[in-house]
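The next block holds one structure in the form of structure tokens; read it before the comments.
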Amino acid sequence: GGGTLIQHLLDGCIAADVEVLYETPVTKLISRLTEDDIHEVLGVYAQSGEETIAVKAKKGVLLSAGGFDWDWEMKANYLRGPTIYATGVRTLEGDGIKMAQAIGADLRNMNEAWGMPVYKEEAAQKNSADMPCGLSVLLEKTRPGSIMVNKYGERFCNEASDYDSMWRSFFTWENWGANGYRNIPAWLIMDANARAAGTLCGVAPGEELPDYVFQADTLAELAEKIGVDAAGLETTVKEWNEAVANGSDPWFHRGESAYDRAWGLGTGDATATIGPLTEGPYYAAEVAMSDIGTCGGVRVNGDAQALNPFGEVLPRLYAAGNNAGVGGPGCFYGGGGGTIGPAMTFSYLAGKHVVTLEPWT
């Protein structure tokens, strides 16, 4: 897992006599202007307890401080839709990106994130306590007998699809009437059979559900409790039940891919994830979008060198990981852990390049 990977990297640092300064966050890049009025990076300022220290970089600085998961202003201004919850660690506030911006770095991929559907109330409680979201909707949204709907009671995506691409499905924009996001708020709807088959909001069958889960004997009653159009929900469930009786989802193709079927009940066919909602009581929990990381950051070239908006190199400054605008790469990624490859690759490229430089004087 991740801990093992980091341990091996740390062992390599120790073997190379690298000094690791813990609890010493970098706060600012130290730079000077070249003859071409471009910032050349000479080192960093960092905070060590009550003391501000300056660290000289003989050859260069590599920024790898992660994304801006917990900077709500950056997320509101850059991301393509309201991703107001965070699943990443609390310290991901875009520090490295801001420091690079301060000396003229360009940015890339800033409107993208790796999305993750979460239970809104649990996410709000955790984030307000400065803790990452603890529950995702990964398994429960794929179970036969469950669907996700918007305020109109309509399905709006393939619920069994990957969590990342699902992120974009929430941000369909209505350009009439009051204007707004058509699929926010959204709800996970589940019948008694699906509830009996597994967890809901992380709670096993038969155990008490959290107070943000609504329950009713009929779909109409449930819709009234959660503020969803009752006729729309009943129509959606009726049409869904008729379609899945024939083993298909003609609207969003749920259950057609191997990925869909892998997350379901493991039957190997579409019944792994598609099944009717027929038995009350029915359950609902509000679903919202979080992210497990932001994709955007400092624009870099093939040597991981930071660039300014004119494509010019900022000497001795490099970026990798979610601090760089490489993504996984780009706005999509192949699956869990898919950010690690680009992060390590661009760190390696930075290392290969920086050792070719002469120390600055």
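Between the side chain of Thr218 and the main chain of Glu221, a donor-acceptor pair closer than 3.5 Å is present. Proximity of a side-chain donor or acceptor of Arg182 to a complementary backbone N or O of Phe170 within less than 3.5 Å is not detected. A donor-acceptor pair under 3.5 Å is formed between the side chain of Asp191 and the backbone N or O of Asn193. Between the side chain of Lys126 and the backbone N or O of Thr87 there is no donor-acceptor pair closer than 3.5 Å. Between the side chain of Thr356 and the backbone N or O of His353, at least one donor-acceptor pair lies under 3.5 Å. Panel note: side chain Trp167, backbone Glu112; no donor-acceptor pair is recorded below 3.5 Å. A donor-acceptor contact shorter than 3.5 Å links the side chain of Lys225 to the backbone of Gln215. A distance-only check finds a donor-acceptor pair linking the side chain of Trp240 to the backbone of Gly275 [under 3.5 Å]. Here the side chain of Asp162 pairs no donor or acceptor atom with the backbone of Met166 at under 3.5 angstrom. Formation of a donor-acceptor pair under 3.5 Å by the Asn179 side chain with backbone atoms of Trp176 is found in this model.
Within a 6.0 Å sphere centred on NZ of Lys28, other residues, nucleotides and ligands contribute 12 heavy atoms or fewer. Other residues, nucleotides and ligands contribute at most 12 non-hydrogen atoms within 6.0 Å of the CD atom of Glu208. No more than 12 heavy atoms of other residues, nucleotides or ligands lie within 6.0 Å of OH in Tyr45, so this atom counts as exposed by the packing criterion. Counting heavy-atom neighbours within 6.0 Å of Gln47 CD, excluding the residue itself, gives a total above 12. Atom OH of Tyr259 sits in a crowded spot, with more than 12 heavy atoms from other residues, nucleotides or ligands closer than 6.0 Å.
Residues in residues 79-114 take part in these ring pair (Phe, Tyr, Trp, His ring centres under 6.0 Å) pairs, two or more places apart or across chains: Trp114-Tyr333.
Shortest non-hydrogen contact noted between Pro359 and Arg316 is C-NH2, 4.0 Å. Of all heavy-atom pairs between Pro342 and Thr339, the closest is CD-O, 3.5 Å. Leu200 and Val213 get closest at one heavy-atom pair: CD2-CG1, 3.8 Å. Heavy atoms only, all atoms of each residue included: Gly325 and Asn109 are closest at O-CB, 3.5 Å. Contact between Leu62 and Ala350 at its shortest, heavy atoms only, is CD1-CB, 4.1 Å. Nearest heavy-atom pair across Pro82 and Ile184 is CG-CD1, 3.7 Å.
For the atom pair CG (Asn77) and CH2 (Trp72), the distance works out to 14.0 Å, reported to the nearest 0.5 Å. From Asp164, atom CG reaches atom SG of Cys295 across 7.0 Å, with rounding to the nearest 0.5 Å. Once rounded to the nearest 0.5 Å, the distance linking SG of Cys13 with CD of Glu19 reads 12.0 Å. Taken from CG in Leu5 to CE in Met344, the straight-line distance is 5.5 Å, to the nearest 0.5 Å. With rounding to the nearest 0.5 Å, the separation of CE in Met289 from CD1 in Ile84 is 11.5 Å. Note that CG of Asn111 is 14.0 Å distant from NZ of Lys75, once rounded to the nearest 0.5 Å.
Judged by the 6.0 Å and 45° rule, Lys56 forms a cation-pi pair with Trp360.
With contacts defined as side-chain heavy-atom distances shorter than 4.5 Å, the pair Phe171/Thr83 qualifies. The shortest distance between side-chain heavy atoms of Ser146 and Leu277 does not fall below 4.5 Å. Between Leu314 and Leu307 the shortest side-chain heavy-atom distance does not fall below 4.5 Å. Arg254 has its side chain within reach of Ile147: a pair of non-hydrogen atoms, C-beta onward, lies under 4.5 Å apart. Residues Lys141 and Pro117 are in side-chain contact: their nearest non-hydrogen atoms beyond the backbone lie under 4.5 Å apart. Using a 4.5 Å cut-off on side-chain heavy atoms (C-beta onward), Asp217 and Pro281 make contact. Residues Thr236 and Tyr152 form no side-chain contact, since every pair of their non-hydrogen atoms from C-beta on lies 4.5 Å or further apart.
Side-chain N/O atoms of Thr271 and Asp269 include a donor and acceptor closer than 3.5 Å. If you check the side chains of Ser31 and Glu40, you find no donor sitting under 3.5 Å from an acceptor.
No chain of hydrophobic side-chain contacts below 4.5 Å, direct or via other Ile, Leu, Val, Met, Phe, Trp or Tyr residues, connects Val89 to Val118. Val287 and Ile189 end up in different hydrophobic clusters when Ile, Leu, Val, Met, Phe, Trp and Tyr side chains are linked at under 4.5 Å. In the hydrophobic clustering of this structure, Val44 does not group with Ile97; members are Ile, Leu, Val, Met, Phe, Trp, Tyr whose side-chain heavy atoms approach within less than 4.5 Å, directly or through other members. Val228 is connected to Tyr282 through a chain of hydrophobic side-chain contacts under 4.5 Å among Ile, Leu, Val, Met, Phe, Trp and Tyr, so both are in one cluster. Hydrophobic cluster membership is shared by Leu138 and Ile292, with clusters built from Ile, Leu, Val, Met, Phe, Trp and Tyr side chains linked at under 4.5 angstrom.
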Next on the checklist: Between Ile103 and Leu317, does the side-chain contact (heavy atoms from CB on, under 4.5 Å) criterion hold? Intermediate values first, please.
Outcome noted: CA-CA 10 Å; Ile103 64 165; Leu317 182 62; 3.9 Å; yes

Checklist entry - What do the steps show when you test Glu122 against Tyr212 for side-chain contact (heavy atoms from CB on, under 4.5 Å), and what is the final call? => result CA-CA 8 Å; Glu122 192 273 349; Tyr212 57 82; 3.4 Å; yes

Next on the checklist: The test is side-chain contact (heavy atoms from CB on, under 4.5 Å); show your working for Tyr283 and Phe214 and say whether it passes.
Outcome noted: CA-CA 6 Å; Tyr283 303 86; Phe214 295 84; over 6 Å; no

Checklist entry - Yes or no on side-chain contact (heavy atoms from CB on, under 4.5 Å) for Met74 and Thr294, after CA distance, side-chain angles and deciding distance? => result CA-CA 10 Å; Met74 289 181 75; Thr294 54; over 6 Å; no

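No salt bridge links Arg143 with Glu159; every basic N to acidic carboxylate O contact stays at or beyond 4.0 Å. Ion pairing between Lys238 and Glu234 fails under the 4.0 Å rule for side-chain N and carboxylate O.
Ring centroids of Phe346 and Tyr318 are separated by 6.0 Å or more, keeping the two rings apart.
Partners of Arg299 by side-chain hydrogen bond (donor to acceptor under 3.5 Å, both in side chains), not counting sequence neighbours, listed by chain and number: Asp106.
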